[in-house]
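Contents: one structure, followed by commentary.
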Amino acid sequence: MSHPDDKSQQIMRHSAAHVMAQAVLSLFPEAKLGIGPAIEDGFYYDFELPRSLTPDDLLIIEQQMRQIIAADVPFIREEVDKQKARQIFISQHYKLELIDELPDERVGIYRQGSFVDLCRGPHVGSTAEIKNFKLLSIAGAYWRGDESQPMLQRIYGTAFQTSEELAAYLGRVEEAAKRDHRRLGKELDLFSIHQEAGAGLIHWHPKGAVVRCLIEDFWKEEHFKRGYDLVYTPHIFKADLWKASGHWEMYRDYLYPPMEMEGQEYIIKPMNCPGHILIYKTKLRSYRELPLRWAELGTVYRYERSGVLHGLARVRGFTQDDAHIFCRPGQLEDEVVGVLEFARFMMHTFGFDEYEVLLSTRPGKYAGTIENWDKATETLQEAMDRLQLPYEIDPGAGVFYGPKIDIKLKDALGRAWQGPTIQVDFNLPQRFQVTYVGEDGQEHLVAMIHRTVLGSMERFFACLIEHYGGAFPVWLAPIQVAIVPIADRHLDYAQKVAAELRAQGLRIQVDSRSERMNLKIREAQLQKIPYMIVVGDREQTTSTISLRLRNGEDIGTLSLGQFGMIVRSAIEAKRQN
RNA sequence: GCCAGCGUAGCUCAGCGGUAGAGCAGCGGUUUCGUAAACCGCCGGUCAUCGGUUCGAGUCCGAUCGCUGGCUCCA
C-alpha cells in the first residue's frame, strides 16, 4: 500500500537510524558502524561493539537519542571525493569497504553535530523532527548478510509521525501475537511439539487432525476433478536412488543420515519425486497418454538447521501436497496455467486474497542448458501473463534444476512463507531418462513439473490458523456446534438435539458439566466454536433451540430445521458463519 | 549453524545465594443457574538435563537439549 506519507516516513526513519548510531557511538566510542536503513516497519542499524547489548542498553540508547532530538541538531549534507571520505571514516573499516564499492568519485555524507555518516540521504532537516520512536529489539546479523563475515549487533526500532500511529502500530503487533499459530495451537488444542520426540516434529491433536483431514479430503476431490491421479510411495528409499537423483550430492546437509538394513543403506525421503519417476518408468509411455498428473500427500523429512525452526511453518517432518506432471514440452504452458489456476482457486477457497507471486530465475549453479532455462522461464511468464497474474522476479533464486513460481502467504506478523510452488525440472528427466515415445516413434525427454497448491499441510495450517485467528470457517471448524444445557435437567433434550445434528454430519459437543451457562458460553466462545446452542425450559417445551454466534450475536429462537439450513448453507459456501 | 534472550506445577507467570509461590486448569463437594468466569476444599514441582563453584544453588559458572527474536539457509 503506497501512501503519500510513506516517503517522508521513510526519510524520518532513516534519520532516526542515524540518531541511534550517534547515540550508540557516544556510549561506545570504539563502535564500528555497519549499515542503517529504513525498513518496512521501522529501521535498524548494525554495530560492531566491544560487548553484547542487553535490553537495558536499549533504554539507555533511547534516552541518549531523546537528548540528541531535544538538542534540535540540523542534518547537513556534504559531497566529498573518495579520498576525503576515506580520511573521515579512517577508523570505520566497514564504511571504508562501502566507499571502495561506490561507483562515483564523489560520495555523500551527512552530519548531525559531531556525528558523520556515509549516506546518500535524504534526511529530515533536524533531529527535532523525529518524535515518536521506540527501539524494539536486538539481533545478530552478518555483515553484508554473509555467513562468512563477522556477526554484528543489529538494533531494530520504529518511528512514526504521530504518537497515535506509533501506539496503533504497537497495538497491531500485540494483536498479531494473539493470532500466532503457536499460541492458538495450544489454546485451541490443535497440535504440539515435544522436546522428547524432537524439534520440528509435529503431533497433530484430534482437533487439528480434523481440520487437516477436511483439507485433505477437499484437496483430493479437487485433484480428481482436474484430471490428477493419486499415488502412494514409500517413506524410505535406498541411498543409491538419492545418489542417482543428485540429492545426495546437492542436498546432503538436509538428508537424515542413512540407516542400514541387510547390508543396504536407506534414507528417509526428503522429496517424493523419485518414487513417482519409478512408477512412470514401469512401462514405455506414449505421447498419447501425456500429460500424466500424479499427486501424493507425501510426508518428507529434511534436517533443517536448528535456528530456523518455527512452529508449524518451518519443520523437519512435513507432508507436501505434492504432484508431478509429466508432459510433452509443448504442453508445458497449458499445464502451468492449469496449476496456477488451481493454486489460485485453493487460495481463494481458504480465504487468502492477498499473496505475492514470485518468479525465480536461473541461479549460478544449474543443471540443463541456458536455452532450456530461457525457454522454460518464458513459458512460466507467458502462463502468468495469460492469467493476468501480477508477479515479481526474484533473480537467481531458482533451484538448480529449473525455474519456479512461488506463491507466498503472509503470517500474522507479516512474515512471508512460501506456500504453493510450481517448478520446472530439467535435471531428473535427464538423470533418470524419463522419456516418452513421440509421434515420430523416437524417445523424447519429458517435461517435468513439481508442484504444490497448498505448500505443505503443516505450513498451510499455520497460515490458515493465523489468517482466521483460530476462528475457522464453519466447514473447517473442529467443533461446529457447542450445545449448552442451562441446567442438568435439560441434558436429555440437549443430547437429543445433538443426536439429530450429528445425524446430519455436524461436529457437535455437548457441554454436560454441572457448570453455569455463562461459563459454558465463555469457553465455547474462547474455543471459537461457530455456533452455540442454548437449551433450557423454553426450548425444551417448544422443541426449539436458542442460537448464539461466536461474534457474540444472539440470533434467538429457531427450530432445528431452520438451524440446519443456516449451517448447511454456511458449510456449502465455506463461510465464516 | 551464528548472535542474543529465555526454560520454575498441565497452562500463564512471581521468586534471582539460605527450608519452592499465585491464578487458571484438574480432582472432591455445594450450587441447577437464561447468553463471556458461582462458592468451598484438595491434589499438584528431583525449579529442562548433566557437571562445577559454595557450608548452602531455580538463584552463580560451564556443557547439552529445547524455545523465542533476528541473521544465514530454505529442493
Side-chain angles (χ1 to χ4, degrees), chain A residues 44 46 48-49 51-55 57 136-156 177 180 182-183 186-187 189 192-200 245-247 250-251 253-255 269-273 300 302-311 313-315 320 322 360 363 367 397-402 404 406 413 415 417-418 421 423 425 427-428 450 452 459 484-491 513-527 532-539 546-550 552-556:
Chain A
Y44 69 78
D46 290 343
E48 186 181 284
L49 298 171
R51 67 166 174 83
S52 295
L53 292 170
T54 67
D57 291 323
L136 301 172
S137 60
I138 308 159
Y142 299 108
W143 169 239
R144 325 206 90 177
D146 182 343
E147 240 178 322
S148 67
Q149 299 271 6
M151 183 161 268
L152 308 178
Q153 297 188 66
R154 175 172 295 177
I155 303 176
Y156 282 97
D180 191 311
R182 294 165 299 183
R183 174 175 174 158
K186 210 176 277 181
E187 287 174 2
D189 196 12
S192 57
I193 303 171
H194 303 267
Q195 197 167 330
E196 309 90 293
S245 69
H247 293 108
M250 300 294 290
Y251 298 112
D253 291 347
Y254 293 95
L255 294 178
K269 68 176 171 183
M271 323 184 88
N272 305 301
C273 23
V300 299
R302 301 177 185 179
Y303 195 85
E304 298 283 355
R305 295 161 101 184
S306 58
V308 306
L309 300 174
H310 182 89
R314 186 81 181 266
V315 295
Q320 291 183 306
D322 209 358
S360 299
V399 286
F400 83 98
Y401 52 70
K404 61 171 182 170
D406 290 329
L413 291 168
R415 289 177 292 214
W417 295 96
Q418 185 186 307
T421 182
Q423 314 182 340
D425 190 335
N427 178 53
L428 291 178
H450 308 250
T452 66
R459 182 175 287 176
V484 176
I486 289 178
D488 288 348
R489 66 175 178 281
H490 307 120
L491 243 176
R513 298 174 300 170
S514 297
E515 292 287 353
R516 295 176 66 216
M517 174 198 64
N518 291 289
L519 192 267
K520 297 179 188 178
I521 286 179
R522 176 183 151 81
E523 291 186 356
Q525 185 88 39
L526 289 173
Q527 285 297 303
M532 285 156 258
I533 284 181
V534 177
V535 290
D537 290 334
R538 286 207 301 267
E539 290 76 15
S546 180
L547 177 64
R548 177 195 160 101
L549 305 181
R550 61 183 156 189
E553 200 180 336
D554 188 351
I555 301 294

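Order of the sequence lines fixes the chain letters, A, B, ..., with proteins taken first and strands second; residue numbering starts at 1 for each chain.
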Can you check the distance between rU35(B) and rC47(B), where both ends of the measurement are the P atom (answer in whole Å)? 47 Å
Whole-Å P distance, rA36(B) and rC40(B): 23 Å
Generate the contact string for nucleotides 30-38 of chain B. Rules: B means base contact, S means sugar-phosphate contact only, - means no protein heavy atom under 4.0 Å. -BBBBBBBB
When the C1' atoms of rA14(B) and rC24(B) are considered, how many whole Å apart are they? 15 Å
Using a heavy-atom cut-off of under 4.0 Å over every strand shown, decide if G145(A) touches base, sugar-phosphate, or nothing. sugar-phosphate
What's the gap between rG41(B) and rG58(B) when it is taken at their C1' atoms, as a whole Å value? 30 Å
Students often get this wrong, so: under 4.0 angstrom with heavy atoms, is F400(A) touching a base, only sugar-phosphate, or nothing? nothing
Just verifying a value: how many Å separate I193(A) CD1 and L309(A) CG, rounded to the nearest 0.5 Å? 8.5 Å
Select base, sugar-phosphate, or nothing to describe what K520(A) touches, counting heavy atoms under 4.0 Å on all strands. nothing
Value in whole Å for how far the P atom of rC3(B) lies from OH of Y44(A): 19 Å
How many whole angstroms separate atom CG of L309(A) from atom P of rG66(B)? 9 Å
What residues form a side chain to side chain donor-acceptor pair (under 3.5 Å) with D253(A), not counting sequence neighbours? none
D146(A)/R144(A) salt bridge by N-O under 4.0 Å criterion: no
Specify the separation, in whole Å, of atom NE2 of H450(A) and atom P of rA75(B). 12 Å
Name the nucleic acid region contacted by P55(A), choosing base, sugar-phosphate or nothing; use a 4.0 angstrom heavy-atom cut-off, strictly under. nothing
Nearest-Å distance, CD1 (I138(A)) to P (rC3(B))? 15 Å
When rounded to the nearest Å, what value does the distance between C1' atoms of rA48(B) and rG10(B) take? 16 Å
Touch class at under 4.0 angstrom, heavy-atom based, for H310(A) against every strand present: sugar-phosphate
Pairing residues for Q153(A) by the side chain to side chain donor-acceptor pair (under 3.5 Å) criterion, not counting sequence neighbours: none
Roughly, in whole Å, what's the span from CG in L255(A) to P in rC73(B)? 19 Å
Go through rG7(B), rC2(B), rA4(B) for me and flag the one nearest to the Q195(A) side chain. rG7(B)
